[in-house]
Q: 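Take a look at the following structure, please.
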Amino acid sequence: MKIDPGFPEEVLSGALAKGADQAEVFLRSSRNISIEVKDQTVDSFKSSRSFGYSLRVIKDGRLGFSYSTDPLEIDAIVARTIEAARFPERDDALELPDFSGVADVDVFDPEVKGISEAEAIDKVMLLEKSVYAEDERIKKLRKASGSFTVSSTTIVNSRSVRAEYASTRCSAQVMAVAEKEGESQIGWDYNGSRFLADVSFEDVGRKAARRAVALLGSKKMTGCRAPVILDNAVTVDFLGAFAGAFSSEAAQKGKSLLAGKLGKKLLSPAIRIVDSGILRGAMGSSPVDDEGVCAQEKTLARDGIIKNFLYNTYTANKGRAVSTGNAVRSGFSSLPSVGVTNLFLAASSSEQTVSIDRMFDMTARGLYVLDAIGVHTANPVSGEFSVGVSGIWLENGKAVYPVREAVISGNLVDLFSRVEAVGNDIRFYGNIGAPTLLIVDIDISA
C-alpha cells in the first residue's frame, strides 16, 4: 500500500487541533512470505501484506488510544481517540518521550527483500533434505518451515520524535522424528536473523536431526541431586522465563521476583545478563524502540549483582528513572509495554568461557539436558519451577545413556546463582540468546 509520506504528520496535526496536549502516531507496514514443505512438496505457501497505524494522545493527564488499517479514516480515528481520553483517571506519569537520538544499527537486508518465491521455496526444501540426509533413523518430519519478512516502521510525536526505518527478518525451523525398534524421539531446531546469510537452513535441519537421534534408546534414571549441563537452547528457555523479572512494570506492580533487589548479589559471578537493542542483525534490534526512544545496550546483572531494570517512558516516570529504550508493541494495534530487545546471558569475561567437552570433563556424574518442557510455567513472582527434561546421563565426563521423563525443579534465582561454568557457544533463538551452562547441585527426580 502506497502511503503519502506526510500521512503521519496529518494524523498528528489533527489530534493536536482537536485538543490533545500530546500526540503520537505509530505506523507499520509489512510483507511476509511463509512456506511449509513436506516430502519436497510445498505443503503451504502464504504471501501477505499488512498495514496499520495507531494514535495515542494525552489530554488533561488522561490517555486515549485508537488504531485503524484505513488511511482514509483519519478524522474518525482522531475523534475516537480524543473521546477515549475522557474516561480514564488522571495519571501524572503519562508522557511521551522527547527525541533522544537514533542508533546506528543495521537491521535491513536487501537479500531478504529481493528473495523470489522460488528461492524461498528452495531454502525450505534444503532444510527438509538436510534432516533426512543427516541420519537414516530420521523417518519423518513435522513442519519444515521458513519465513521472510520486510517491514517499515514510522513513529512521530508532538515532542520532536521523528523516526522511520525499514527492517527485514527471516527464519527457519523444523521438527525431526527419529525412530528405532518401535521407539520415536523428537528433535527441534530454529534459527532467525534480520540477514539471510546468517540463517543456514541446512544447519537447522542437521541440528534437529542430531537432537532426535541422540535421545534414541532413552530410559528413566534414578532421582538424585547432581550437576546439570543445560544445552544452549534450554538455557534460552530458562533465561526467557527469567526475563520478566527485569521489567520495571512488573517490579512496580510487585509481580517480579527481583522487586526491591537492585544492588543485591543474587546470581553467580560467572555470568552477566545484558539487554541490547543495537546488535547487528539481531531479531530484537532497531534504531529506536516502539515509542521512538534511541535503542541502547544495558547491563542488567554482573558479578552476581542486579544492576538495572528495563523501562519505557511511562514506567521510567513512575520510578523516577530514565527510559532504557525498552518500549515494545506486539503490533500497531497495541500500546507500548516494557519488554526485552535482545536479551542474552554470557560469561562475565570472554576469557572465562569453556567448551562443552570441558564441561563434560568437569562432571563426574550429572545430566546433560537437551530438551525441557514447561519452562514457561515457572512462577514469575516466586521463581519456582518444575519442568520435564530429557538428555544424556554422564559419568566421568562420558555419555552413559539417554534419559527420558526426568524432572528438574528449583528456583530461577537459585538456578542462575549455581552457574559454575559458561560455554563458548552462545546462540540466539529469536531475541533471546545464551550459551551452554554447567550448573551444580540441582534436584533431579524421575
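When reading the values below, keep in mind they use all heavy atoms of this one structure, side chains included, and skip hydrogens, waters and symmetry mates.
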Q: Please check: side-chain N/O of Glu128 versus main-chain N/O of Met125, any donor-acceptor pairing under 3.5 Å?
A: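 Flag not set: sc Glu128 to bb Met125 has no pair under 3.5 Å.
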
Q: Does the pair Asp414 and Arg418 meet the rule for a salt bridge (charged side-chain N to carboxylate O under 4.0 Å, His left out), with working shown?
A: CA-CA 6 Å; Asp414 186 58; Arg418 296 178 181 274; 2.8 Å; yes

Q: Under 30°, 30 to 60°, or over 60°: which ring-plane class applies to Phe242 and Phe246, parallel, tilted or perpendicular?
A: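 Perpendicular, since the angle between the ring planes exceeds 60°.
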
Q: Ring centres of Phe238 and Phe385 under 6.0 Å apart?
A: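 That pair passes the under 6.0 Å test.
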
Q: Looking at Lys255 and Glu249, does any basic side-chain N land under 4.0 Å from a carboxylate oxygen?
A: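 The answer is no: the pair does not qualify as a salt bridge.
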
Q: Does NZ or CZ of Lys219 fall inside the cone over Tyr401's six-membered ring, less than 6.0 Å from its centre and within 45° of the axis?
A: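 Because its charged atom sits under 6.0 Å from the ring centre and within 45° of the axis, Lys219 does stack over Tyr401.
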
Q: Applying salt bridge (charged side-chain N to carboxylate O under 4.0 Å, His left out), run through Glu119 and Lys123 and close with a yes or a no.
A: CA-CA 6 Å; Glu119 290 170 329; Lys123 293 282 187 183; over 6 Å; no

Q: If you take all heavy atoms of Arg206 and Ser130, which pair is closest and at what distance?
A: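 Smallest heavy-atom distance, with atoms named: N-OG, 4.0 Å.
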
Q: Quick one about Glu95 and Gln22 (side-chain donor to acceptor, distance below 3.5 Å, no hydrogens or angles considered), yes or no?
A: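 Gln22 vs Glu95: no donor-acceptor pair found between side chains.
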
Q: With no hydrogens and no angle check, is any side-chain donor or acceptor of Arg272 less than 3.5 Å from a backbone partner on Ala301?
A: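 Pair absent, no side-chain N/O of Arg272 close to backbone of Ala301.
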
Q: When rounded to the nearest 0.5 angstrom, what distance separates NZ in Lys143 from CG in Leu127?
A: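 If we round to the nearest 0.5 Å, Lys143:NZ and Leu127:CG are 12.5 Å apart.
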
Q: With respect to Glu134, which candidate in Lys207, Lys129, Arg211, Arg210 satisfies the salt bridge (charged side-chain N to carboxylate O under 4.0 Å, His left out) definition?
A: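 Exactly one option meets the salt bridge (charged side-chain N to carboxylate O under 4.0 Å, His left out) with Glu134, and it is Arg210.
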
Q: Going by heavy atoms in the side chains, are Gln185 and Glu179 under 4.5 Å from each other?
A: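 Side-chain contact under 4.5 Å: no.
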
Q: Taking Pro227's backbone N and O only, do any of them form a donor-acceptor pair with Asp441's side chain (distance below 3.5 Å, no angle check)?
A: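 It does not hold such a pair.
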
Q: Is it the case that Ser193 and Asp198 place a side-chain donor and acceptor less than 3.5 Å from each other?
A: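 A donor-acceptor contact under 3.5 Å links the two side chains.
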
Q: Tell me whether Lys140 is salt-bridged to Asp39, with the criterion being a basic N under 4.0 Å from an acidic carboxylate O.
A: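 Looking at Asp39 together with Lys140, the answer is no, because their closest N to O distance does not fall below 4.0 Å.
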
Q: Would you call Glu405 and Lys220 a salt bridge, taking side-chain N to carboxylate O under 4.0 Å as the test?
A: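 So Glu405 pairs with Lys220 through a salt bridge.
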
Q: Report yes or no: is the cationic atom of Arg280 (NZ for Lys, CZ for Arg) under 6.0 Å from the centre of the six-membered ring of Phe195, at an angle within 45° of the ring normal?
A: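 Yes, Arg280 sits over the ring of Phe195.
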
Q: Will you find, in the side chains of Asn317 and Tyr311, an N or O donor that is under 3.5 Å from an N or O acceptor?
A: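 Asn317 vs Tyr311: no donor-acceptor pair found between side chains.
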
Q: Which residue in the set Leu437, Val354, Leu394 passes side-chain contact (heavy atoms from CB on, under 4.5 Å) when paired with Met359?
A: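 Exactly one pass, corresponding to Val354.
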
Q: Establish, from distance only, whether the side-chain atoms of Ser355 and Asn424 form a donor-acceptor pair under 3.5 Å.
A: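 Ser355 vs Asn424: no donor-acceptor pair found between side chains.
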
Q: Indicate yes or no for a side-chain donor-acceptor contact from Ser409 to the backbone of Ser386 under 3.5 Å, with no hydrogens or angles considered.
A: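 Checking the backbone N and O of Ser386 against the side chain of Ser409, no donor-acceptor pair under 3.5 Å is found.
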
Q: Would Thr313 and Glu291 count as having a side-chain donor-acceptor pair, cut-off 3.5 Å?
A: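 Thr313 vs Glu291: donor-acceptor pair found between side chains.
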
Q: How about Thr69 and Phe332: do any of their side-chain heavy atoms sit closer than 4.5 Å?
A: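 SC-SC contact between Thr69 and Phe332 confirmed.
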
Q: Determine whether Leu258 and Val413 make a side-chain contact, defined as any pair of heavy atoms from C-beta on separated by less than 4.5 Å.
A: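 The answer is yes; the side chains approach within 4.5 Å.
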
Q: Between Ile439 and Leu230, is there a side-chain heavy-atom distance shorter than 4.5 Å?
A: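 When only atoms from C-beta onward are counted, Ile439 and Leu230 do touch, with a gap below 4.5 Å.
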
Q: Taking Gly366's backbone N and O only, do any of them form a donor-acceptor pair with Thr363's side chain (distance below 3.5 Å, no angle check)?
A: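 Judged by distance alone, no pair lies under 3.5 Å.
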
Q: Are more than 12 heavy atoms from other residues, nucleotides or ligands located less than 6.0 Å from atom CZ of Arg320?
A: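 It does not: Arg320 CZ has 12 such atoms or fewer within range.
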
Q: Going through the checks in order, is the side-chain hydrogen bond (donor to acceptor under 3.5 Å, both in side chains) test met by Tyr314 and Asp91?
A: CA-CA 10 Å; Tyr314 177 73; Asp91 187 341; 2.4 Å; yes

Q: Is there a side-chain contact between Arg56 and Leu96, using heavy atoms and a 4.5 Å cut-off?
A: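 A side-chain contact under 4.5 Å exists here.
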
Q: Between Glu24 and Arg159, does any NZ, NE, NH1 or NH2 come within less than 4.0 Å of an OD or OE carboxylate oxygen?
A: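 A salt bridge is absent here (no side-chain N lies under 4.0 Å from a carboxylate O).
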
Q: Can a salt bridge be assigned to the pair Glu420 and Arg358 using a cut-off of 4.0 Å between side-chain N and carboxylate O?
A: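 Not counted as a salt bridge, because no side-chain N and carboxylate O are separated by less than 4.0 Å.
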
Q: Rounded to the nearest 0.5 Å, how far apart are CG of Asp289 and OG1 of Thr341?
A: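 Nearest 0.5 Å value for the CG-OG1 distance: 9.0 Å.
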
Q: Are the side chain of Arg162 and the backbone N or O of Asn157 linked by a donor-acceptor pair below 3.5 Å?
A: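 Judged by distance alone, yes, a pair lies under 3.5 Å.
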
Q: From Asp203 CG over to Asn191 CG, what is the distance, rounded to the nearest 0.5 angstrom?
A: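 Answer for the CG-CG pair, Asp203 versus Asn191, is 8.5 Å.
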
Q: Does the plane of the ring in Phe201 sit parallel, tilted or perpendicular to the ring in Phe148? Use 30° and 60° as the thresholds.
A: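 Plane angle under 30°, so parallel.
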
Q: Is the shortest side-chain heavy-atom distance between Ser147 and Ile33 below 4.5 Å?
A: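 Ser147 does not reach Ile33 side chain to side chain.
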
Q: After noting the C-alpha distance and the side-chain angles of Thr149 and Ser30, does the key distance pass the side-chain hydrogen bond (donor to acceptor under 3.5 Å, both in side chains) rule?
A: CA-CA 7 Å; Thr149 305; Ser30 64; over 6 Å; no

Q: Has Asn342 got a side-chain atom pairing as donor or acceptor with Ser276's backbone, closer than 3.5 angstrom?
A: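 A pair under 3.5 Å: yes.
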
Q: Is Ile271 close to Val422 at the side-chain level, that is, under 4.5 Å between some pair of heavy atoms?
A: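 Yes, side chains in contact.
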
Q: Under a 3.5 Å threshold, yes or no: a donor from one side chain and an acceptor from the other, between Asp425 and Thr436?
A: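 A donor-acceptor contact under 3.5 Å links the two side chains.
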
Q: With distance as the sole test, does Gln173 use its side chain to make a donor-acceptor pair with the main-chain N or O of Ser145 at under 3.5 Å?
A: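 It does not hold such a pair.
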
Q: Can you see whether Asn232 engages Thr235 through a side-chain donor-acceptor pair at a distance of less than 3.5 angstrom?
A: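 There is no such pair between these side chains.
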
Q: Would Asn379 and Glu384 count as a side-chain hydrogen bond (donor to acceptor under 3.5 Å, both in side chains) if you check the C-alpha gap in whole Å, the side-chain angles of each, and the deciding distance to 0.1 Å?
A: CA-CA 5 Å; Asn379 189 303; Glu384 299 298 317; over 6 Å; no

Q: Is it true that Asn326 and Lys298 share a donor-acceptor pair across their side chains at a distance under 3.5 Å?
A: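 Result is yes, a qualifying pair exists.
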
Q: Decide ring-ring contact (aromatic ring centres under 6.0 Å, His included) for Tyr67 and Phe26; before the verdict, give the C-alpha distance in whole Å, the side-chain angles of both, and the deciding distance to 0.1 Å.
A: CA-CA 9 Å; Tyr67 62 89; Phe26 179 92; over 10 Å; no

Q: Can you check side-chain contact (heavy atoms from CB on, under 4.5 Å) on Ile392 and Leu370, steps first, answer last?
A: CA-CA 8 Å; Ile392 310 293; Leu370 290 172; 4.0 Å; yes

Q: Between the main-chain N or O of Val403 and the side-chain N or O of Ser390, is there a donor-acceptor pair closer than 3.5 Å?
A: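 Absent.
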
Q: Side-chain contact, heavy-atom cut-off 4.5 Å: Glu395 with Trp393?
A: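 Yes, at least one pair of side-chain atoms sits under 4.5 Å.
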
Q: How long is the gap from CD1 on Ile35 to CD on Glu117, to the nearest 0.5 Å?
A: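 Here the interatomic distance stands at 7.5 Å.
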
Q: Is the backbone of Gly281 close enough, under 3.5 Å, to the side chain of Ser285 for a donor and an acceptor to pair up by distance?
A: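 No, the answer is negative, given that no donor and acceptor are paired below the 3.5 Å cut-off.
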
Q: Taking atom types as modelled, is there a side-chain donor on Ser167 or Ser151 under 3.5 Å from an acceptor on the other?
A: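 No, no side-chain donor-acceptor pair sits under 3.5 Å.
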
Q: Rounded to the nearest 0.5 Å, what's the gap from NZ on Lys307 to NZ on Lys264? Could you check?
A: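 The distance works out to 14.0 Å.
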
Q: Does a donor on one side chain and an acceptor on the other come within less than 3.5 Å for Thr168 and Arg194?
A: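 There is no such pair between these side chains.
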
Q: When rounded to the nearest 0.5 angstrom, what distance separates CG in Leu345 from CD1 in Ile426?
A: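 These two atoms lie 7.5 Å from each other.
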
